[in-house]
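Throughout, a chain's letter reflects where its sequence line sits, starting with A, and its residues are numbered from 1.
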Amino acid sequence: MPLYNPATVEPKWQRFWEENATFQTPRLPSDSAAGSGEKLYVLDMFPYPSGEGLHVGHPEGYTATDIFCRHWRMRGKTVLHPMGFDSFGLPAEEYAIKNNEQPRGFTEKNIATFVRQLKSLGFSYDWSRQLATTDVEYFRWTQWIFLVLFDTWFDEQTQKGRPIAELPIPDDVQKQGEAVVEAYRDERRLAFQSHAPVNWCPDLGTVLANEEVIDGKSERGGYPVQRIPLRQWMLKITAYADRLEKDLETVDWPESVKALQRNWIGKSIGAEVDFFLPGDGGPDAGTKAFENWKQARKKSGFPRKAGDDTLRVYTTRPDTLFGATYMVLAPEHPLVDRLTTTEHRGAVEDYQRKAGGKSDLERTELAKEKTGVYTGACAINPLNGQRIPIWIADYVLISYGSGAIMAVPAHDERDCEFALKYDLPIVPVVQPPAGYEPSEAEKALSHDKAGATALPYFGGEGAAINSGPYDGTPTKEFKPRVAQDLEAAGLGRAATNYKLRDWLFSRQRFWGEPFPILHELDAKGEPTGRVRAVPVDQLPVDLPHLDDFKPHGRPEPPLGKSPEEWLYVTLDGKRYRRETNTMPQWAGSCWYYLRFLDPKNDQAFVDPEIEKAWMPVDLYIGGAEHAVLHLLYARFWHKVLFDRGYLSTPEPFRRLINQGMILGEMEFTLYALGSAKLAEPGTMPIDVKRVEKNVETGQFVDSISGARAYPIMLGGDDVEKRGDAWVWKAMTDIRVDARSYKMSKSRGNVINPDTIIRDYGADSLRLYEMFMGPLEATKPWDMNGVSGVRKFLDRSWRLIIDAEADGGNADAEAMTLHPSVQDVEPTADQLRILHQTIGKVTADTETLSFNTAIARMMEFVNYFTPEPVRPKAVLEPFVLLLSPYAPHLAEELWAALGHTKTLAYEPWPEFRADLAAESAVEIPVQINGKTKTVLSLPTDATKAQIESAARADERVLAALAGKEPTKVIVVEKGATKLVSFVVK
RNA sequence: GCGAGAGUGGCGAAAUUGGCAGACGCGCCAGACUUAGGAUCUGGUGUCUUCGGACGUGGGGGUUCAAGUCCCCCCUCUCGCACCA
């Protein structure tokens, strides 16, 4: 029997869409010939074009956005739906090195493969807007945006990025001459150079951002990472921490992603406090000096920078200040050297060496056991004048706060562990509330000293004790009060801190955007330390051709080996050497959604009129793996461009959805007798029911239901041979574990979309991925499910096409309609089914509940298949409903029904509630909460009619047994009706 | 430990505001057609049952005429973060 044949139908329509530029979007929404002109910008996270090609995870999100776009196009919106490629990055470079090729060639080949695969799925992208971050004309503007960052400083007063030319220069800086002024400016740019220690990864030959280092290893490849000092470009994302945190409230994103970003930004509210450093003038001299210092502070107030005689700490618990019994500095803290007494110098330097040599991984692994050494120095608590010792320990991080803490062992778990280990005093300053039960963490820490009764550590809130004038103050009041008092005395102030660090933006690799930055050289060709931007009219700075761009394990970038004519530049009579670092892969993806608006513009990164008309992105769909990095970086750049007046919206992505991961097919393992594993991966189907049945009979068990199945491997002491069959000796416990795993080459469970398209067609792949379950859920692949949706498509086809005649031919003119398809008025029942389907599919498509929309269309086909007459007036709207989901099949059926134009812009079928309404309604009757019967009454029955009909029902009469109900409830909520009797 | 999310048939999953739990699909069972095929069509399929019905949404309580849905306690799983003072 000839069947619907996607292998000919699908390419035909893909060609049609391409040749007719069906999905080309006008420059502005208002330019749209048809429709309301209302804009809709729907964006997919563009892929990295890897050598492996598309995997089945890609089409999941892409199909979802495509359905959404096709749906809204039919409803009159002007839809922008572009696609591009995030094509810079390590894998292409690694591949090129290994195969002695150029990364550009490999990248272009991969992009071509991706384009072919994406087109074979029938996505309605406007391909004329295709871009790749590696296009010179694209990264020209990436470089331009970098220069905007370079030209911007963050004004704390207005919380806005402003041009560097508007940076106020303090008089004392001005006085020191142009070089100092320039350094002052350079420090404040959003793109600035730093010499701080960075994450150097020798195996990758590059430094990595903090975000790219997981447990002390590189996120990509899992190579070890060391901390070394190196000149690097940084982006001052920390300046925007507060706005990046606050504006999360304004976007419609998954709570989990917002939580992730909040956690990453890590805002904490507390106070900065200065502890006095008395030096080594002896206890009395210290006390005297402390009093003088306090006097001076009272006059001067809290200084912006801590002086030589103070140790500044950050704390979220200023209310525990009276319980500070020692101080801890990070081993790298600049004060350590000066504070350490001769007596302790050896031990301290020893400890510093060990801590410095430790990778972050080691520091994390050894986290359980705290270590530290005493410096011999002490500090004076500004509130109670107490002298407390200063230690160094690597549980204090140099990169957070001021790199120093006051330790309050009684109320901080880490400090308590440390204090217990080194026998430091523990002074409780917070009284737990009455009836308080200690937590597990609190119980875990205890004194092993004799006579100790109370637990040493309490992490909660309560009332102040041992806190002098503050005794009795509840924690909540204490915090703001002490911050205020400290500020009045010039000893501290309220402060906010962030976990977020500045973004390390340079990489020592070849395959990335060159920085548009020049380093000035002196007469001898040595760098003067001054930098300048490449003039905008000289952009782009293209990559030079290099035969050898291998990293060499040293932190000098490969671009350092560039030809002299690239590397050295003369400008305004001065000699410069180009910056040889390149930008990280994130750079290109930070703004691609803007370039899609105006991809061919060679005057600006985007025309302001166009930007204003299309932004923000209305729907952005992609994987959860970008929840922090890409989405935070992009938001940061967007805000800078917004501040500088280039953009009209403060946030780029109004609504975000993460599609769930698609796992490999379910794998089954059979266990017996509690623990013995009997099954190993294989091929034989196994049926659970049969397993259970056979447990009773003691028979050999052969199958489990499911997609991928295993033979039973018999062996060990649990089985024996009886006659020809193996049986278990004792069958007391049989258990089947079904699990699915991430698709991976090593597990051999990767599904290739090309194969699915070949065997089932693109529409089947699209439909299956949408039918699997909710878009955001993680779900396992099931090959039987694919053939299930294919069957639905075949049934839809046969609903309209006469499969007995010459259907299946890709030529629409040759197709014969099914004899049941007639140009007649539909019956009321048929219209009702149609309009119920329209209503459900429309609502579900709007909310991206594609699985239930498809289910409803299946019901439609199930209803109409046995109908002897199928009116065209019902089938045509159905084809339109189906078209966003299975566009190839729908176009083909549309043509078969006699239409000559694409259905892509046909008006979406109109839902009519009156036609969808049922004439009769099923009304359950409950007695004491149990459903006893179901009445079928006209929809317009009144409450009184419903009640009397219920009372008259035989089964109700029987259940009531002559008793009068104590309560009667007749529910009427929309279409839902119900009668509930209560009988005593 | 902290944060987010989730537990419903043999499996993937449905179930506006509390209102007939299990739509739709897979798998399975039976049948029809048949130049036996992984095609198509029809019927059945939560569990138990003494065939009246009883039970059933991770477990235990509660609110309600009515709970997968609301409240309290607990368990399990997934993902993320993790010495951030």
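Screening A/Arg798, A/Lys791, A/Arg790 for a side chain to side chain donor-acceptor pair (under 3.5 Å) with A/Asp794, the sole residue that qualifies is A/Arg790.
If you take CZ of A/Phe850 and P of B/rA13, they are 17 Å apart, rounded to a whole angstrom. Atom C1' of nucleotide B/rC41 and atom CZ of A/Arg798 are separated by 9 Å, given to the nearest angstrom. When rounded to the nearest whole Å, the span between CE of A/Met858 and C1' of B/rA23 equals 12 Å. Counting to the nearest Å, the P atom of B/rU16 and the CD atom of A/Glu972 are 20 Å from each other. Note: CG (A/Asn862) to P (B/rA23) measures 12 Å, nearest angstrom. What separates CD1 of A/Ile969 from P of B/rG19 is a distance of 15 Å, to the nearest Å. At whole-Å resolution of the value, CZ in A/Phe771 and C1' in B/rA13 are 8 Å apart. Atom pair A/Glu665:CD and B/rC26:C1' shows a separation of 12 Å (rounding to whole Å applied).
Nucleic acid contact for A/Glu859: sugar-phosphate only, since backbone atoms but no base atoms lie under 4.0 Å from a heavy atom of the residue. Using a 4.0 Å heavy-atom criterion, one finds that A/Ser980 contacts the bases of the nucleic acid, with or without backbone contacts as well. Among the protein residues, A/Pro774 comes within range of the sugar-phosphate backbone only, with heavy atoms under 4.0 Å from sugar or phosphate atoms but none that close to a base. Nucleic acid contact for A/Gly401: none, since no nucleic acid atom lies under 4.0 Å from a heavy atom of the residue. Nucleic acid contact for A/Val982: sugar-phosphate only, since backbone atoms but no base atoms lie under 4.0 Å from a heavy atom of the residue. Residue contacts for A/Glu413: at a heavy-atom cut-off of 4.0 Å it reaches no nucleic acid atom on any strand shown. Within 4.0 Å of A/Lys977, counting heavy atoms only, lies no atom of the nucleic acid at all. Residue contacts shown for A/Arg501 include a base, since a base heavy atom lies under 4.0 Å away.
Positionally, the nearest nucleotide of RNA chain B for A/Ser787 lies more toward the 5' end than for the other of A/Ser787 and A/Met661. Along RNA chain B, the nucleotide nearest A/Ile854 and the nucleotide nearest A/Ile923 are compared for position; the residue whose nucleotide lies closer to the 5' end is A/Ile923.
Applying the 90° criterion around 0 to the glycosidic angle, B/rG56 comes out anti. Anti is the classification of B/rG53, since its glycosidic angle lies more than 90° from 0.
Base pairing of B/rU17 is not made with any nucleotide, judged by Watson-Crick or G-U wobble geometry with both donor-acceptor distances under 3.5 Å. The partner of B/rC83 cannot be assigned: no Watson-Crick or G-U wobble pair with both contacts below 3.5 Å exists in any strand. Across all strands shown, B/rA32 is found opposite B/rU40 as a Watson-Crick or G-U wobble partner, with both distances under 3.5 Å. Summarising the base pairing, B/rA67 is matched to no nucleotide, lacking a Watson-Crick or G-U wobble pair whose two defining distances lie under 3.5 Å. The base-pairing partner of B/rA4, taking Watson-Crick or G-U wobble contacts with both distances under 3.5 Å, is B/rU78. Searching all strands for a Watson-Crick or G-U wobble partner of B/rG52 with both distances below 3.5 Å returns nothing. The pairing partner recorded for B/rG27 is B/rU45, the criterion being a Watson-Crick or G-U wobble arrangement whose two distances lie under 3.5 angstrom.
How far CD1 of A/Ile265 is from CG of A/Asp242: 9.0 Å, rounded to the nearest 0.5 Å. Atom CH2 of A/Trp797 sits about 14.5 Å away from atom CZ of A/Phe792, to the nearest 0.5 Å.
The P atoms of B/rC29 and B/rC79 are separated by 35 Å, rounded to the nearest whole Å. When the C1' atom is used for both B/rU57 and B/rU47, the distance is 13 Å, rounded to whole Å. Separation of the C1' atoms belonging to B/rA32 and B/rU78 is 46 Å when rounded to the nearest angstrom. Taking atom C1' in both B/rA66 and B/rC70, the straight-line distance is 13 Å, to the nearest Å. When the C1' atom is used for both B/rC28 and B/rG61, the distance is 39 Å, rounded to whole Å. Between B/rG43 and B/rA54, the distance separating the two C1' atoms is 27 Å to the nearest Å. Here, B/rG60 and B/rG10 have their C1' atoms 28 Å apart, quoted to the whole Å. For the P atoms, the distance linking B/rA23 with B/rC71 amounts to 28 Å, nearest Å.
For B/rG5, its base never sits under 3.5 Å from the side chain of A/Glu255 at any donor and acceptor pair.
For A/Glu859 and A/Gln836, the side-chain atoms include no donor-acceptor pair closer than 3.5 Å. Of the N and O atoms on the side chains of A/Thr63 and A/Tyr768, not one donor lies less than 3.5 Å from an acceptor on the other residue. Counting only N and O atoms by type, the side chains of A/Thr371 and A/Tyr395 include no donor and acceptor under 3.5 Å apart. A donor-acceptor pair shorter than 3.5 Å can be found between the side chains of A/Thr238 and A/Asp502.
Contact between the side-chain N/O atoms of A/Lys779 and the OP1/OP2 oxygens of B/rG12 is not found at any separation under 4.0 Å. An OP1 or OP2 oxygen of B/rC26 is reached within less than 4.0 angstrom by a side-chain nitrogen or oxygen of A/Lys791. Side-chain nitrogen and oxygen atoms of A/Asn851 include at least one within less than 4.0 Å of the OP1 or OP2 phosphate oxygen of B/rA14.
With salt bridges taken as basic N to acidic carboxylate O contacts below 4.0 Å, one links A/Glu972 and A/Lys977. For the pair A/Glu769 and A/Lys779, the salt-bridge criterion is not met [side-chain N within less than 4.0 Å of a carboxylate O]. A/Glu417 and A/Lys421 are not joined by a salt bridge, as no carboxylate oxygen comes within less than 4.0 angstrom of a charged side-chain nitrogen.
Within the 4.5 Å cutoff, no side-chain heavy atoms of A/Trp781 are placed close to those of A/Asn749.
Few gaps surround NZ on A/Lys943; more than 12 heavy atoms of other groups in view lie less than 6.0 Å from it.
For A/Ala259, taking side-chain heavy atoms from C-beta onward, the closest of the listed nucleotides B/rC20, B/rG3, B/rG19 is B/rG3. The side chain of A/Lys370 has B/rC83 as its nearest neighbour among B/rA85, B/rA23, B/rC83. Side chain of A/Glu922, nearest nucleotide from B/rC20, B/rC26, B/rA85: B/rC20. Counting only heavy atoms from C-beta on, A/Lys499 has its side chain closest to B/rC81 among B/rC81, B/rC24, B/rA85. Considering only the side chain of A/Val934, B/rC20 comes nearest among B/rC20, B/rA85, B/rG38.
At a non-hydrogen distance threshold of 4.0 Å, A/Leu260, A/Asn263, A/Ser268 from residues 260-274 of chain A come into contact with RNA chain B.
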